[in-house]
Amino acid sequence: MKFQNPKGTRDFYPEDMAVLNWIMDGWRRVSIRNGFEEYEGPIFEYLDLYKAKSGEGIVSELFHFEDRGGREMAIRPEMTPTLARMINARAQSLPRPIKWFSMPRLCRAERPQRGRLREFFQWNIDIVGSDDVLADAECIFVAVDFFREVGLTPADMVMRINSRSLLSSLLAARGFEPERHADLFVVLDKRDKLPPEVYAAELAKVTRNDAERESLNIISQARGERGLADLAAMAEGNEAAGNELARLRELFETLNLMGVGEYCEFDMGVVRGLAYYTGVVFEGFAKGTFQRAICGGGRYGQLLEVLGGPPMSGIGFGTSDVVILEVLTELKRLPAEIGAGRRTDLFLIDADESLFREVVRLAAELRRRGFCAEYSYRRQGIGKQFKQAAAAHARRAVIVGAEFKERGVLAVKDLGTGQQVEISAEAFLADPMQEVSV
RNA sequence: GUGAGUGUAGCUCAGUUGGUUAGAGCACGAGGUUGUGGUCCUCGGGGUCGCGGGUUCGAGUCCCGUCACUCACCCCA
């Protein structure tokens, strides 16, 4: 019986693992240099944790099971509930702002498609316990910092930024009751994601007349500097909207100051589907055929409270290895040297079988000193051993030959330059990777 | 859960109106040069043509079903 990997999962062969590690090393490096600390939680939680955050509907989208005690468990489909649970447990004693990141492996029971699998790694950044606009700016900066790090320029991608609280105050001023905002958000979020006629139909469902639709169209079309100016005119005499606009302007000024203004753009069309966002929301989009958001995040005001914690606001974002891989592959930004295989420092070769014991001894000694040293398991001609050295991408070949027995010297060859020198075993061991020049 | 497309070797693909033991390149393995390497030469392993049924003297090829994968919808990283 032959088995295959479960639907929507991936096997990471060494060359794939090298790419995944490259991505995740980048996530960790960028997180740490921006002042975030890594955390991790259990890979499964009580199902109720996710129900509390997202409602009953979430159950069909995740993998769940019953443990032997009859408890309903779920494999984590996202990290935020775990984060909230962990922070809530120590809410009184953690210094703020809390700047944490994680790279959890998540599972969702969805139908796999481009950029969406059933199992993936997600990079999460969160700043909890601060309402400061600096936290908003920093969160967006971290996302851009990573994308810039892997070679994306403002010509390759854009971060579209909006504020739900601004949108809410504008809607309220136009006579949309607050209790309707959540439904309106869901539809407005699809402005650019649905064909125009489908979008129009969705819009019709949540509006009462043409005047309302007209208002929504005017508001949601706002984009860029000009859009902000239009909204400012619209918000005159509306104190709440005025305050939100001022905050948004401060956010963009800060992003400019941070040197990532070129990546960022105001866009009223970005609303995000998730219900719990209350303030700034943003999504990254790449140029090319991958039309989905490559990262997304926003400010959540009551999330911790909903999960039994104190009233504390936070802002965070997430992206996954699947979308990063998709975009970097399409834009050809994956460095070619990734996945080139193991990098052997030294490949030891014996000139004849009687010297093999020296090869084993020397290799073990080199390994103890931290070098990657290899040799062939098979006793065969020097030519074959060199072939293996090349296949292992070794940087140096070291021949243990008759001259070692006679004079204690080794032949060290740089497999990149082809240069080869004789050197005493002592001098070699003192600096095994020393320059090889004739 | 709904719709569309695709299934021949590990990968990329050939396979003539149905006609003998289904092929190539790459990859993989073994040899060739017996103190010098990824290029070269020779040989080799590997496929119940996704699976099941039907039509036919005969099916990789035609028909039906089924499964898997891919893409799109819902949702979202």
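All of these numbers come straight from a predicted model, not from anything done at the bench.
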Enquirer: Counting the atoms with a prime plus P, OP1 and OP2 as sugar-phosphate, which does A:Ile324 contact under 4.0 Å by heavy atoms, base, sugar-phosphate, or nothing?
Expert: nothing
Enquirer: Under a 3.5 Å cut-off for both contacts, is B:A9 paired Watson-Crick or G-U wobble with anything, and if yes, with which nucleotide?
Expert: none
Enquirer: Should the side chain of A:Arg292 and the base of B:A77 be counted as holding a donor-acceptor pair, with the cut-off at 3.5 Å?
Expert: no
Enquirer: Suppose we define a pair by two distances each less than 3.5 Å, Watson-Crick or G-U wobble; what does B:U21 pair with here?
Expert: none
Enquirer: Under the 3.5 Å rule, do the base of B:G37 and the side chain of A:Lys413 count as making a donor-acceptor pair?
Expert: yes
Enquirer: Would you kindly say whether A:Asp126 and A:Tyr300 are connected by a side-chain donor-acceptor distance under 3.5 Å?
Expert: yes
Enquirer: When you check the gap from the basic side-chain N to the acidic O, do A:Arg299 and A:Asp131 get nearer than 4.0 Å?
Expert: yes
Enquirer: Consider side-chain hydrogen bond (donor to acceptor under 3.5 Å, both in side chains). Of A:Glu212, A:Arg180, A:Glu202, A:Arg213, which one does A:Thr207 pass it with?
Expert: A:Arg213
Enquirer: Can you tell me the Watson-Crick or wobble partner of B:G60, both distances under 3.5 angstrom?
Expert: none
Enquirer: Please tell me which of A:Glu326 and A:Thr319 maps to the more 5' nucleotide of RNA chain B, matching each residue to the nucleotide holding its nearest heavy atom.
Expert: A:Glu326
Enquirer: Contact class for A:Gln420 (heavy atom, under 4.0 Å): base, sugar-phosphate, or nothing?
Expert: base
Enquirer: A:Glu110 side chain: which of B:G32, B:G37, B:A77 is closest?
Expert: B:A77
Enquirer: Find the distance A:Arg379:CZ to B:U34:P and express it as a whole number of Å.
Expert: 19 Å
Enquirer: Expressed in angstrom and rounded to an integer, what is the separation of A:Gln380 atom CD from B:G35 atom P?
Expert: 14 Å
Enquirer: Which part of the nucleic acid does A:Leu106 contact within heavy-atom distance under 4.0 Å: base, sugar-phosphate only, or nothing?
Expert: nothing
Enquirer: Within 45° of the ring axis of A:Tyr46 and under 6.0 Å from its six-membered ring centre, is that where the NZ or CZ of A:Arg71 lies?
Expert: no
Enquirer: Can you tell me if A:Gln113 touches the phosphate of B:C73, counting only side-chain N or O atoms and a distance under 4.0 Å to OP1 or OP2?
Expert: yes
Enquirer: Please state the C1' separation for the pair B:G45 and B:C40 - nearest whole angstrom.
Expert: 22 Å
Enquirer: Under 4.0 Å, counting only non-hydrogen atoms across every strand here, what does A:Arg378 touch: a base, just sugar-phosphate, or nothing?
Expert: sugar-phosphate
Enquirer: Of the candidate nucleotides B:G32, B:A77, B:G35, which contains the atom at the shortest distance from the side chain of A:Gln122?
Expert: B:A77
Enquirer: Which sits closer to the 5' end of RNA chain B, A:Val186 or A:Ala351, going by the nucleotide each is nearest to?
Expert: A:Ala351
Enquirer: Less than 4.0 angstrom from a charged side-chain N to a carboxylate O is my criterion; do A:Arg272 and A:Asp189 meet it?
Expert: no
Enquirer: With heavy atoms under 4.0 Å as the rule, sort A:Glu403 into base, sugar-phosphate or nothing.
Expert: base
Enquirer: Rounded to the Å, how far apart are A:Arg396 CZ and B:G37 C1'?
Expert: 15 Å
Enquirer: Nearest-Å distance, CG (A:Leu355) to P (B:U34)?
Expert: 19 Å
Enquirer: Could you state the atom-to-atom distance from CG of A:Asp126 to P of B:A77 in whole Å?
Expert: 12 Å
Enquirer: Please state the P separation for the pair B:U20 and B:C28 - nearest whole angstrom.
Expert: 33 Å
Enquirer: Looking at A:Glu365 and A:Arg361, does any basic side-chain N land under 4.0 Å from a carboxylate oxygen?
Expert: no
Enquirer: For B:C73, does OP1 or OP2 lie under 4.0 Å from any side-chain N or O of A:Arg116?
Expert: no
Enquirer: Let me know the distance between NZ of A:Lys7 and C1' of B:C71, rounded to the nearest Å.
Expert: 13 Å
Enquirer: With a cut-off of 6.0 Å (strictly less than), are more than 12 heavy atoms of other residues, nucleotides or ligands near CZ of A:Phe44?
Expert: no
Enquirer: Taking the same atom, C1', in B:U17 and in B:C13, what whole-Å distance lies between them?
Expert: 23 Å
Enquirer: Take atom P in B:A4 and the same atom in B:C43, then report the distance between them in whole Å.
Expert: 49 Å
Enquirer: Given that both distances must come in under 3.5 Å, which nucleotide forms a Watson-Crick or G-U wobble pair with B:C40?
Expert: B:G32
Enquirer: In whole Å, what separates the C1' atom of B:G19 from that of B:C74?
Expert: 50 Å
Enquirer: Which one is paired to B:C75, where only Watson-Crick or G-U wobble pairs with both distances under 3.5 angstrom count?
Expert: none
Enquirer: Report the base-pairing partner of B:G45 (Watson-Crick or G-U wobble, both distances below 3.5 angstrom), or none.
Expert: none
Enquirer: Is A:Arg118 near enough to B:C69 that one of its side-chain N or O atoms lies under 4.0 angstrom from OP1 or OP2?
Expert: no
Enquirer: Would the base of B:U70 count as contacting A:Arg111 through its side chain, where contact means a donor and an acceptor less than 3.5 Å apart?
Expert: no
Enquirer: So, for A:Trp27 and A:Phe121, is the gap between ring centers shorter than 6.0 Å?
Expert: no
Enquirer: Identify whether any heavy atom of A:Ala402 sits under 4.0 Å from a base atom; if not, whether one sits that close to sugar-phosphate; answer base, sugar-phosphate or nothing.
Expert: base
Enquirer: Give me the distance, rounded to whole Å, that separates B:U16 from B:G29 when you measure between the C1' atoms they each carry.
Expert: 35 Å
Enquirer: Between A:Phe121 (CZ) and B:A77 (P), how many Å, whole number?
Expert: 18 Å
Enquirer: Please report the distance, rounded to the nearest Å, between CD in A:Glu61 and C1' in B:C75.
Expert: 5 Å
Enquirer: Can you tell me how far P in B:G31 sits from the matching atom in B:A68, rounded to whole Å?
Expert: 43 Å
Enquirer: For the P atoms, the ones on B:G46 and on B:G3, what distance do you get once it is rounded to whole angstrom?
Expert: 42 Å
